[in-house]
Amino acid sequence: MPEESSAEVLAAVAGEVQACTNCDLYKGTQHGVPGEGDAHAAVMFIGEAPGFNEDRQGRPFVGQAGGFLGELLAAAGLRREDVFITNVVKHRPPNNRDPLPEEISACARSLSRQIAAINPRVIVTLGRYSMARFFPGATISRIHGQYKLVDGRVVVAMYHPAAALHQQSLRQTLLDDFAAAIPAALAHATQLAAEGKLGTASPASGKADDAKDDEPPQQLALF
Ligand code: URA
């Protein structure tokens, strides 16, 4: 039997998310929000959980934080349609509360399958819940704007775009981090790929994408 394409795996995961009852979050929601974008994106963004607007539309980052994410993508030289955007939790938590560990666990397999299907060179974590999957025990204020090789991919830790809506000073930090760290991470990934050191999961395999530490965090000497 031919292997499923990346787009087919993503469509299957999206269908499963819409029907998912692995935790109670689906109960108060209108839509699951599996994520969207290029099935072969070089860069994948992983946020926290859908909010009010995302739940209404079934699409990630379409509210205020999404508007700022659009500006951040432009600062990094990226277009929304060329990347893939998703969240660690695929249904909206009530009143936008923080996701619970069991809710993150309930969605972990869907996220792993999305990562394996897309097989991105670079993963950008938005906020601390997404960061914790790849950088366990790290503190966002210490490692934002840095990247590291984790399980064959270059992973960049960023503040959540919504953080800048609450704390104005983080706006410029985020713009600077996106403008500097994402092109640098992509260049690093390209170099590693040329050396045969990038990529462990076979595309569209749907295999678990366990986070492993492979090299020390790369500090960008920028400012
Ligand atoms: N915040 C997130 O983390 N994800 C979204 O999709 C929207 C807001």
Side-chain angles (χ1 to χ4, degrees), residues 10 13-14 16-18 20 23 25-26 28-39 41 43-76 78-108 110-115 118 120 122-135 138-141 143-145 155-168 170-171 173-175 177-178 181-182:
L10 293 175
V13 172
E16 287 163 21
V17 165
Q18 297 305 351
C20 183
C23 74
L25 282 183
Y26 75 96
T29 60
Q30 292 200 353
H31 294 103
V33 182
E36 66 182 21
D38 184 345
V43 190
M44 178 172 183
F45 291 81
I46 306 176
E48 181 177 317
F52 177 87
N53 293 292
E54 290 76 20
D55 178 49
R56 287 293 180 281
Q57 296 185 37
R59 298 180 55 213
F61 283 96
V62 291
Q64 245 195 316
F68 186 40
L69 180 60
E71 281 184 53
L72 293 167
L73 291 174
L78 296 171
R79 298 182 311 170
R80 186 169 165 129
E81 58 266 36
D82 295 333
V83 303
F84 193 90
I85 303 175
T86 189
N87 289 299
V88 284
V89 165
K90 317 291 194 195
H91 278 97
R92 182 192 182 206
N95 302 315
N96 296 347
R97 66 153 167 73
D98 289 344
L100 302 172
E102 57 267 32
E103 293 161 354
I104 294 171
S105 300
C107 273
S110 295
L111 180 57
S112 293
R113 291 179 66 210
Q114 290 175 315
I115 294 169
I118 296 160
V122 172
I123 290 176
V124 180
T125 66
L126 304 172
R128 58 205 164 96
Y129 292 97
S130 169
M131 174 189 72
R133 178 183 168 113
F134 302 93
F135 304 107
T139 308
I140 190 82
S141 57
I143 72 157
H144 68 90
V155 184
V156 191
M158 296 289 188
Y159 278 113
H160 195 289
L165 306 175
H166 306 301
Q167 198 180 326
Q168 189 61 24
L170 288 181
R171 186 180 163 80
T173 303
L174 265 158
L175 284 163
D177 282 353
F178 267 65
I182 293 178

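The figures here come from the full heavy-atom set of this structure, side chains too, leaving out hydrogens, waters and symmetry mates. Order of appearance sets the numbers: ligands from 1, and atoms from 1 within every ligand.
- When hydrogens are left out, the protein atom nearest atom 5 (C) of ligand 1 is A49 O, 3.4 Å; that is the closest non-hydrogen contact.
- Here R79 does not pair with D38 in a salt bridge; the nearest charged N to carboxylate O distance is not below 4.0 Å.
- Classification of E71 and R171 as a salt-bridged pair holds, one side-chain N sitting under 4.0 Å from a carboxylate O.
- Near P60, meaning under 4.0 Å from one of its heavy atoms, ligand 1 places the atoms 6 (O).
- Compare E54, E48, R59 by their heavy atoms: the one nearest to atom 7 (C) of ligand 1 is in E54.
- Ranking the protein heavy atoms by distance from atom 4 (N) of ligand 1 puts N87 OD1, 2.7 Å first.
- Using a distance-only test at 3.5 Å, with no hydrogens or angles considered, a donor-acceptor pair links the side chain of Q114 to the main chain of P34.
- The distance criterion of under 3.5 Å between nitrogen or oxygen atoms is not met by P50 with respect to ligand 1.
- For F61 and H160, the distance between ring centers is under 6.0 angstrom.
- Using a 4.5 Å cut-off on side-chain heavy atoms (C-beta onward), M158 and I182 make contact.
- Applying the 4.0 Å criterion to heavy atoms of H160 picks out, from ligand 1, the atoms 1 (N), 2 (C), 3 (O).
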